[in-house]
Amino acid sequence: MESILVLTHADESGAALTKGSLEAVTAGAELAARLGAELTIGIVAVQPQPLSKGLPSRRVLAVKGEAFAQSRFASDAAACEALCRAAQATIVLAPESSRFARVMAAVAHRVGGAIDTHITAIGGAANVEATRWFYRQRIEAVVSREKRPWFLLLDAGTHAAFVGEAAQAQVEQIAVELPALRTEVTGTRAPKQGAQTIRPDAKVLFVAGAGWTKKQPDGQIHVEQAGELILKFLAASGASLGSSKSLVDQGGEGNSVLPFLTHLNQVGQTGSTPRHAKGLSTCCHGEEPHVVGWRFVGERRAVSLDPNCGWTRGKADVVYVADAFAVMARVNELLANAASSR
Ligand SMILES: Cc1cc2nc3c(=O)[nH]c(=O)nc-3n(C[C@H](O)[C@H](O)[C@H](O)COP(=O)(O)OP(=O)(O)OC[C@H]3O[C@@H](n4cnc5c(N)ncnc54)[C@H](O)[C@@H]3O)c2cc1C
C-alpha cells in the first residue's frame, strides 16, 4: 500500500506557499484519492502554521525557523530529509522549483530512494505511473519503479494550484538537526521591474522572429520601431516574450538587434519549452526546431508575410498572412483603447 508525502515550501514573502507547491498538493490529493492512500503534506517555512490553511490532509508536518527563510542547500536538504523520515511515505511529490530541484536528488539518496524529474502527469490505477518527456519534448514516456521511496519532481504548470477551504490543519513540528551553515543570502539582484520579459505564469507567449530586424517592403530595416511595438505590447498584455534562435543569435554577429532579448528568451529545440494557454508568433518562419518548443502552448497563432511558412503548414491554429508591424500597431491601439475605457 502506497503512502504519499507532498513537500512544499513558502514563497519569497514567507506568507504563502509557492504556486508550484500548491500544484504538487493538487497532484498529491488526486493520487491519494485514486489509490486510497494516506496523504501527508510537509512544509518548509519560517512560520508554517498559517500556510497550512485548507490543505487537504489530516497530517501536516513542518520544519520551522529562520534558517528556512532562504534557499540554501544545507538547510533545505536537512529539512526535506527530516520531513521524509518523519512521514515514512513511499511516494514523495515536490515542485520542480529551483529551490527543491537543487536538493531533492540528495534527499532521495540520503533516504535510500530513487528520483525522477520533470514529471508532467501521474497516472495508473493500481500502480503509480509518472509521465515525462525525453529528447527535447519529442518522446513522451511513462515510467514506473519498484524502488521506494520514489521521489517525483513535478514540472510547473502541469496541475491546477490547490485552493482549499479556510480551515487550518494542526501542524506537527519536526525537529531538524542543521549542519554547519556556510552560505548566507545577503541580497538579491534582479532586473528592474518591467525589464523582466520572461514570465512563466503569463497566459500568452509572444514570440518575436528574425523578420522584425529584416528589410521591410520599403527597403529599410526598422529595428527601433520593432522594439517599441514589442515592448508596448508586452507592457499592455503582460505576455511573456519568446524569440526564435535566428533573432537572438544576431547579437553575436554585430547586427542590429533588439536590446531586451537574450538567449534565455529562445524557444525551441535548443531553447526552452514554456507552458502558456496561448501563443502568438510574429515575423517567425515556424521551422520545426523552433516549433518543437511550442509543444505545451495551447492555442497557436502566427503573423507572417510568407503564406508558405511553416506555421501555415499545419503548425498553427490560425495564421494571419500580414505585416506584423501593422498588425501589432493596431493590436496595441486596441489594448490602449480597452485600458482607457476601463
Ligand atoms: C540543431 C538546430 C537547433 C535549432 N534550435 C532552434 C531553437 O531552439 N529555436 C529556434 O527558434 N530555432 C532553432 N533552430 C533554427 C531554426 O531552424 C530556424 O533557422 C529559426 O527558427 C528561424 O528563425 P526565424 O523564423 O525567426 O527567421 P527566418 O527564417 O529568417 O524567418 C523570418 C520570417 O519573418 C517573416 N517576416 C519578415 N518581415 C515580416 C513582417 N513585417 N511581418 C510578418 N512577417 C515578416 C518572413 O516572411 C520570414 O518567414 C535550430 C536549428 C538547428 C539546425
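Just follow the structure's listing: the first ligand is 1, and inside any ligand the first atom is 1. Keep in mind that what you see is a predicted model, and the values were worked out from it rather than measured. Values below: every heavy atom of this structure, side chains too, minus hydrogens, waters and symmetry copies.
- In this structure, the protein non-hydrogen atom closest to atom 12 (N) of ligand 1 is Lys245 CB, 3.2 Å.
- By the 3.5 Å distance cut-off applied to N or O atoms, Ser243 is not counted among the residues near ligand 1.
- Nearest protein heavy-atom neighbour of atom 42 (N) of ligand 1: Ala324 N, 2.8 Å.
- Geometric assessment of Arg132 against the ring of Phe134 yields a positive cation-pi assignment under the 6.0 Å and 45° thresholds.
- Nearest non-hydrogen protein atom to atom 20 (C) of ligand 1 is Ser246 OG, 3.5 Å.
- Judged by distance alone, the side chains of Glu140 and Thr131 never bring a donor and an acceptor atom under 3.5 Å apart.
- Ranking protein heavy atoms by distance to atom 38 (N) of ligand 1, first place goes to Gln216 NE2, 3.3 Å.
- Within ligand 1, counting atoms from 1 as listed, the ones closer than 4.0 Å to a heavy atom of Lys214 are 28 (P), 30 (O).
- For ligand 1, the polar-atom distance check finds no N/O of Gly209 at less than 3.5 Å from any of the ligand's N/O atoms.
- The heavy atom nearest to atom 27 (O) of ligand 1, considering only Ala210, Ala208, Gly242, Gly293, is found in Ala210.
- Ligand 1 has no atom lying under 4.0 Å from any heavy atom of Leu247.
- Between the side chains of Glu2 and Thr90, at least one donor N or O sits under 3.5 Å from an acceptor N or O.
- Taking 4.0 Å as the cut-off, Cys309 does not count as a neighbour of ligand 1 on heavy-atom distance.
- Put simply, Leu83 and Phe100 are part of the same group of oily side chains (I, L, V, M, F, W, Y) that touch within less than 4.5 Å, one to the next.
- When hydrogens are left out, the protein atom nearest atom 29 (O) of ligand 1 is His285 CB, 3.6 Å; that is the closest non-hydrogen contact.
- Taking a 4.0 Å cut-off on heavy atoms, Ala322 registers as neighbouring ligand 1.
- Exactly one residue among Leu261, Leu264, Ile198 makes a side-chain contact (heavy atoms from CB on, under 4.5 Å) with Leu241. That residue is Leu261.
- Counting protein heavy atoms only, atom 46 (C) of ligand 1 is closest to Ser304 OG, 4.5 Å.
- The local environment of CD in Glu288 is crowded, with over 12 non-hydrogen atoms from other residues, nucleotides or ligands closer than 6.0 Å.
- Scanning all protein heavy atoms for the shortest distance to atom 1 (C) of ligand 1 gives Gln269 NE2, 4.2 Å.
- The only member of Leu305, Val303, Thr282 that meets side-chain contact (heavy atoms from CB on, under 4.5 Å) when paired with Tyr320 is Val303.
- No donor-acceptor contact under 3.5 angstrom links the side chains of Trp133 and Asp155, judged on distance only.
- Side-chain atoms of Leu280 and Val207, non-hydrogen and from C-beta on, never get closer than 4.5 Å to each other.
- Only the side chain of Glu287 comes within 4.0 Å of ligand 1, judged by heavy-atom distances.
- Shown here, atom 53 (C) of ligand 1 is out of close reach of the protein: none of its heavy atoms lies under 4.0 Å off.
- Of the polar atoms of Phe325, none of the N or O atoms is found under 3.5 Å from an N or O of ligand 1, judged by distance alone.
- For atom 6 (C) of ligand 1, the closest heavy atom belonging to the protein is Thr270 OG1, 3.3 Å.
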